[in-house]
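Because only heavy atoms are used, hydrogens play no part in the values below, and waters and symmetry mates are left out as well, while side chains stay in. All residue numbers refer to positions in the sequence shown, counting from 1.
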Amino acid sequence: MAKGNVTVNSPLERASLAKRCAREGVMAGAKAAVVAGIATAIPTLASVRMVPWAKANLNHTAQALIISTVAGAAYFIVADKTILATARNNSFNQQKPSNNP
C-alpha cells in the first residue's frame, strides 16, 4: 500500500506517484507468484510420483504448464488488486475535506 499521505500538485508528482503505485503492485505480484509456484509445484511433482494416472499422463511439459499457469495467474491477480487499492487509497488521500457539516 501507499507509504503515506501524498498531495499531488504537478504532473511530475502524478507520474512519480503512478510509478510507485505500479512498483508496489509488481513487487506484491512477484511475491504471490513465487508462493503460488511453490505451493503448486510440491503437490504436482508429488502426484506425478505417486498417482498412477498422473505418472502415465503428465509429462514434464504438462507439469511445467500447470505450475507456470498458477504462478502467472497469481501474479496478475495480486498485482492488479494492489495497484487498484493503492490508487484508491491515494485518491482518497488527495480529496479535500468539504465544509459541509
Of all the heavy-atom pairs spanning Ser47 and Ala54, show the shortest one and how long it is.
O-CB, 3.6 Å

Out of curiosity, Thr82 OG1 to Lys31 NZ, how far, rounded to the nearest 0.5 Å?
10.0 Å

To the closest 0.5 Å, what do you measure between CZ (Arg88) and NZ (Lys81)?
10.0 Å

Among the clusters formed by ILVMFWY side chains lying less than 4.5 Å apart, do Met50 and Trp53 turn up in the same one?
no

Could you pull out the closest heavy-atom pair between Ala30 and Tyr75, with the gap in Å?
N-CD1, 3.5 Å

Separation of Ile67 CD1 from Thr44 OG1 (nearest 0.5 Å):
5.0 Å

Of all the heavy-atom pairs spanning Ala87 and Cys21, show the shortest one and how long it is.
N-SG, 3.9 Å

Joint hydrophobic cluster, Val26 plus Val78, side-chain heavy atoms closer than 4.5 Å
no

Give the cluster check for Val51 versus Leu58: same hydrophobic cluster or not, with ILVMFWY residues linked at side-chain heavy-atom distances below 4.5 Å.
yes

Would a distance-only check, ignoring hydrogens and angles, find a side-chain to backbone donor-acceptor pair under 3.5 Å from Thr69 to Leu65?
yes

Which heavy atom in Ala36 sits nearest to a heavy atom in Thr40, and how many Å separate them?
O-OG1, 2.7 Å

Shortest non-hydrogen separation from Ala32 to Ala74 and the atoms involved:
O-CB, 3.9 Å

Atom pair CZ/OG1 of Arg20 and Thr86 - distance to nearest 0.5 Å
8.5 Å

Let's go through Leu45 and Gln63 carefully: what are the C-alpha distance in whole Å and the side-chain angles of both, what is the deciding distance for side chain to side chain contact (heavy atoms under 4.5 Å, CB included) to 0.1 Å, and is it a yes or a no?
CA-CA 7 Å; Leu45 297 175; Gln63 295 169 33; 3.2 Å; yes

Between CG of Leu84 and CG of Asn89, what distance do you get to the nearest 0.5 Å?
12.5 Å

